[in-house]
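Residue numbers start at 1 and run along the sequence shown. Quantities reported herein were computed from a predicted structural model and do not represent experimental measurements.
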Amino acid sequence: MSYVLLFKDQEKGTSRQIPLEGAIFRIGKSPDNDLPLEQSAISRRHCQLEEREGKVVVFDLGSRNGTYLDGKRLPPESGVVFSPGQTLQMGTYSLELQPDLRNPKRPPVEHGAVRMPEPERAVSPAPPPAAEKPKRRVTPVELKRVVHATLIDRMDLKHTDMSKQTDAELRLRTEQVCAQIVQEYSSKLPPWLTAAALVREVVNEAVGLGLLEELLEDEDVDEIMVCGWDKIYVERRGRLELTNMQFTDNAQVVAIIRRILAPIGRRIDETSPLADGRLADGSRVNAIISPLALSGPTLTIRKFAKTPFTVDDLVDRFHSFTHPMADFLQLAVKHRANILISGGTGSGKTTLLNVTSNFIPDGERIVTVEDAAELQLQQDHVVRLESRPPNIEGRNAVPIRDLVKNCLRMRPDRIVVGECRGGEALDMLQAMNTGHDGSLTTLHANSPRDALARLETLVLMAGMELPSRAIREQINSAINFIVQISRMPDGSRKLTHITGISGMEGDIITLQDIFVYKQEGFDSEGKVVGKHLATGSIPDFVQELRQRGIAVDMGMFGE
């Protein structure tokens with residue numbers, strides 16, 4: 001027996017019939033669902049219907065606001081029979097199941113013919129949503145191009161004075177004009193694409209960030225990678241996925257890149273085909289276009305959480321480290337130890353720097369120096385400095401090194417450098433050695449020992465012909481602790497070492513591991529299995545605190 005769904009939008013008072021096609025019929029906010037719904041109460045993957053032996057079974061896919069069958073909320077990922085005569089409710093939308101009388105294959109299942117289980121009784125476990133590849137629902141590119149071209153023509157954007165309109169006013173006007181255009185092309189819309197979804201997509205490309213708007217709102221997405229107009233990848237929970245989204249063309253991608261960079265005074269064109277930037281929320285942006293990018297304009301956005309992570313998030317939610325390790329970091333920051341955070345690309349250095357900096361007591365003056373401002377310090381007295389690239393004539397650039405030198409004249413209690421990438425490493429070490437204790441910075445390295453070697457290399461980039469021993473003595477006297485964070489094979493981030501610098505033996509800096517992460521293997525789902533351990537070593541820093549009469553809980557160093 002074939003079925004149709006009677007779909008009702010109670011808020012708008014409209015209804016329509018939708019054929020129930022395929023073995024699995026998905027409903028949710030994402031456009032690649034069989035029935036995309038736009039209400040905020042609807043989750044990205046809300047629920048799905050499956051036909052099993054002549055019956056329709058409904059599964060809630062862990063939605064935030066729930067799926068209700070005849071007023072009773074379905075338990076997550078447990079199947080319940082959905083029969084004609086019943087009402088499936090989600091948000092202000094409702095669905096009723098009806099036999100498709102145009103295509104009868106077997107007698108309809110009458111309500112009451114099958115004993116209906118209560119929602120608390122599961123029919124069978126739902127398959128994990130990620131186990132099946134979602135259907136690719138791509139908005140027809142030619143249709144988008146036509147609507148977009150018509151929109152530009154009717155609004156005459158090229159001759160409109162944008163300065164007289166706020167962003168909200170411009171967006172509202174664009175939505176109104178676009179809705180009229182889409183209505184004219186309604187006969188060309190595929191059955192699964194609503195007019196509102198097409199309007200939103202075109203308007204986002206015209207005055208927003210296009211398809212990126214939806215991905216930026218998706219809290220499960222950690223990173224967005226655009227590889228030309230027709231390939232958009234995302235990282236979710238440490239795994240790369242190819243989305244079903246496509247831009248109209250490469251020119252649209254370049255326009256969006258320029259829209260991102262314009263508010264922060266950066267540019268991208270053939271003479272300057274690569275740029276770093278940030279979004280308003282601090283998310284990091286890198287863009288590169290032709291002639292350097294052969295596969296088309298490439299855009300990478302590393303998203304920042306809308307609500308900054310706390311130490312409890314990293315300890316209890318992500319299990320990146322343990323409470324004793326957090327207590328030790330808090331002790332070190334509070335009592336002005338100089339800390340170097342080391343890690344590979346995408347390992348979480350900036351996130352850890354944000355969390356660690358929250359241990360700085362209120363009442364201190366903090367100066368931050370970054371290439372693209374992305375730190376989210378919560379203290380009141382924070383001065384943020386951001387480097388400046390060269391102008392169109394190739395002049396007036398202000399590199400990080402100049403900012404580090406300048407901030408020494410700004411009477412800082414703490415200096416926080418987002419990342420040492422060049423000669424500023426020397427200025428940072430000198431600052432740590434001349435009364436600016438408690439400073440923090442990060443650099444790229446794969447282990448504490450590698451971090452020392454890289455720091456030495458960066459100091460040499462300053463152009464000072466210093467002997468290796470002199471550089472190492474500077475590092476030994478400036479840095480107290482190296483905190484190593486790594487991205488594991490399963491995508492999780494773990495703090496693998498808290499290592500103290502304990503002195504020099506000859507020309508070699510000696511290191512002392514205080515906490516380490518011991519990986520023991522993988523579980524059946526491919527997740528890393530291991531544990532954080534205290535080595536039992538007590539750093540000299542702690543002994544000095546105790547000699548000053550500062551109480552230290554020595555239990556954190558026990559097994």
Rounding to 0.5 Å, atoms CZ (Phe481) and CD (Gln512) come to a distance of 8.5 Å
**Asked** So, does Lys349 use its side chain to make a donor-acceptor pair with the main chain of Gly344 at under 3.5 Å?
**Response** yes
Notebook entry, point to check: Is the side chain of Ser492 donor-acceptor paired with the backbone N or O of Met488 at a distance under 3.5 Å, no angle test?
Noted result: no
What one should report as the nearest heavy-atom pair of Asp276 and Leu261 is O-CD2, 4.2 Å
- Look at the side chain of Arg388 and the backbone N and O of Asn396, then say whether any donor-acceptor pair between them is shorter than 3.5 Å. yes
*Presence of salt bridge, Arg401 and Asp427, under 4.0 angstrom*: yes
- Task: Before giving the answer on side chain to side chain donor-acceptor pair (under 3.5 Å), spell out for His335 and Asp437 the whole-Å C-alpha distance, their side-chain angles and the decisive distance to 0.1 Å.
- Result: CA-CA 9 Å; His335 294 287; Asp437 294 335; over 6 Å; no
Scanning both residues in full, the closest heavy-atom pair of Ala451 with Leu340 reads CB-CD2, 4.3 Å
Checklist line | Within-4.5 Å side-chain heavy-atom neighbours: Thr441 and Cys420 | finding: yes
- Message: Please check: side-chain N/O of Ser387 versus main-chain N/O of Asp371, any donor-acceptor pairing under 3.5 Å?
- Response: yes
_Please evaluate residues Arg414 and Arg336 with respect to the criterion side-chain contact (heavy atoms from CB on, under 4.5 Å), reporting the C-alpha separation (whole Å), side-chain torsions for both, the decisive distance (0.1 Å), and the verdict._
CA-CA 9 Å; Arg414 312 258 187 161; Arg336 307 183 69 84; 3.6 Å; yes
Do Leu329 and Val355 have side chains that approach each other closer than 4.5 Å (heavy atoms only, starting at C-beta)?
no
Note to self: What I'd like to find out is whether the side chain of Val369 reaches to under 4.5 Å of the side chain of Asn406, using heavy atoms alone.
What the structure shows: no
Exercise for review: Say whether, by atom type as modelled, one donor and one acceptor occur between the side chain of Ser272 and the main chain of Asp269 under 3.5 angstrom.
Suggested key: no
So Ile268 and Arg258, side-chain contact (heavy atoms from CB on, under 4.5 Å) or not? Walk me through it.
-> CA-CA 7 Å; Ile268 194 166; Arg258 288 173 176 161; 3.8 Å; yes
Backbone of Leu429 reached by a side-chain donor or acceptor of Asn433 within 3.5 Å: yes
Can you tell if the side chain of Arg284 reaches within under 4.5 Å of the side chain of Arg278, non-hydrogen atoms only? no
ask   = If only atom types and distance count, is the side chain of Asp60 paired as donor or acceptor with the main-chain N or O of Gly62 below 3.5 Å?
value = yes
| query | Is there side-chain contact between His46 and Lys29, with heavy atoms separated by less than 4.5 Å? | reply | no
Requested in this report: Would you mind checking if Lys527 and Asp490 are paired as a salt bridge, meaning a charged N to carboxylate O distance below 4.0 Å?
Outcome: no
Partner of Phe328 under side chain to side chain contact (heavy atoms under 4.5 Å, CB included), picked from Thr322, Ile514, Val333, is Ile514
> Is the number of heavy atoms from other residues, nucleotides or ligands under 6.0 Å of Glu505 CD greater than 12?
Replying inline: no
Discussion item. Counting C-beta onward and ignoring hydrogens, is there a side-chain heavy-atom pair between Leu353 and Leu375 closer than 4.5 Å?
Written reply: yes
Dump the intermediate steps for side chain to side chain donor-acceptor pair (under 3.5 Å) on Glu456 and Ser468, then the final yes or no. CA-CA 8 Å; Glu456 185 176 340; Ser468 293; 3.2 Å; yes
Taken to the nearest 0.5 Å, the spacing of Arg259 CZ from Leu209 CG works out to 7.0 Å
One should read off an interatomic distance between Ser537 OG and Leu511 CG, to the nearest 0.5 angstrom, of 11.5 Å
Checklist entry - Where the side chain of His532 meets the backbone of Ser320, is there a donor-acceptor pair that is under 3.5 Å apart? => result yes
Rounding to 0.5 Å, atoms OG1 (Thr67) and CD1 (Ile42) come to a distance of 7.5 Å
Thr298 (side chain) donor-acceptor with Gly296 (main chain) under 3.5 angstrom = yes
N-O pairing of Arg469 and Glu473 below 4.0 Å = yes
Working note: Ser30 + Glu214, criterion side-chain contact (heavy atoms from CB on, under 4.5 Å); need CA distance, chi angles, decisive distance, verdict. CA-CA 9 Å; Ser30 176; Glu214 180 182 339; 4.1 Å; yes
One should read off an interatomic distance between Gln474 CD and Leu426 CG, to the nearest 0.5 angstrom, of 7.0 Å
Query raised in the report: Are any of the side-chain heavy atoms of Leu240 and Val234 separated by less than 4.5 Å?
Result: no
Interatomic distance, SG@Cys407 vs CG@Asp402, rounded to 0.5 Å, equals 11.5 Å
Please determine whether the number of non-hydrogen atoms from other residues, nucleotides or ligands lying under 6.0 Å from atom CE of Met410 exceeds 12. yes
- Message: Just checking Phe309 against Phe318, ring centres under 6.0 Å apart?
- Response: yes
Go through Val483 and Thr356 one step at a time and tell me if the side-chain contact (heavy atoms from CB on, under 4.5 Å) criterion holds.
CA-CA 10 Å; Val483 179; Thr356 305; over 6 Å; no
For Asn338 and Gly438 the tightest heavy-atom approach is OD1-N, 2.9 Å
May I ask you to decide if Ile360's main-chain N or O and Gln379's side chain share a donor-acceptor pair within less than 3.5 Å?
-> yes
In terms of heavy-atom contacts, Leu215 and Lys303 come closest through O-NZ, 3.2 Å
Heavy atoms of Ser342 and Ser447 approach each other most closely as OG-O, 4.1 Å
Q) Is any NZ, NE, NH1 or NH2 atom of the basic residue among Arg64 and Glu219 found under 4.0 Å from an Asp or Glu carboxylate oxygen of the other? A) no
If the threshold is 4.0 Å, N to carboxylate O, is there a salt bridge linking Arg421 and Glu419? yes
Next item on the list: Before giving the answer on salt bridge (Lys or Arg N to Asp or Glu O under 4.0 Å), spell out for Glu235 and Arg487 the whole-Å C-alpha distance, their side-chain angles and the decisive distance to 0.1 Å.
Entry: CA-CA 13 Å; Glu235 178 188 308; Arg487 178 173 173 173; 3.2 Å; yes
inquiry  = Contact between Ser63 and Met90 at the side-chain level, heavy atoms closer than 4.5 Å - yes or no?
reply    = no
Minimal heavy-atom distance between Asn476 and Gly503, with the atoms involved, is OD1-CA, 3.3 Å
The side chain to side chain contact (heavy atoms under 4.5 Å, CB included) partner of Ile485 among Leu352, Thr442, Thr496 is Leu352
Exercise for the section: Kindly determine whether Phe515 and Phe321 satisfy ring-ring contact (aromatic ring centres under 6.0 Å, His included), including the steps that lead there. Expected result: CA-CA 10 Å; Phe515 296 92; Phe321 49 99; 9.9 Å; no
For Asp220, is there an ion pair with Arg44 - N to carboxylate O distance below 4.0 angstrom? no
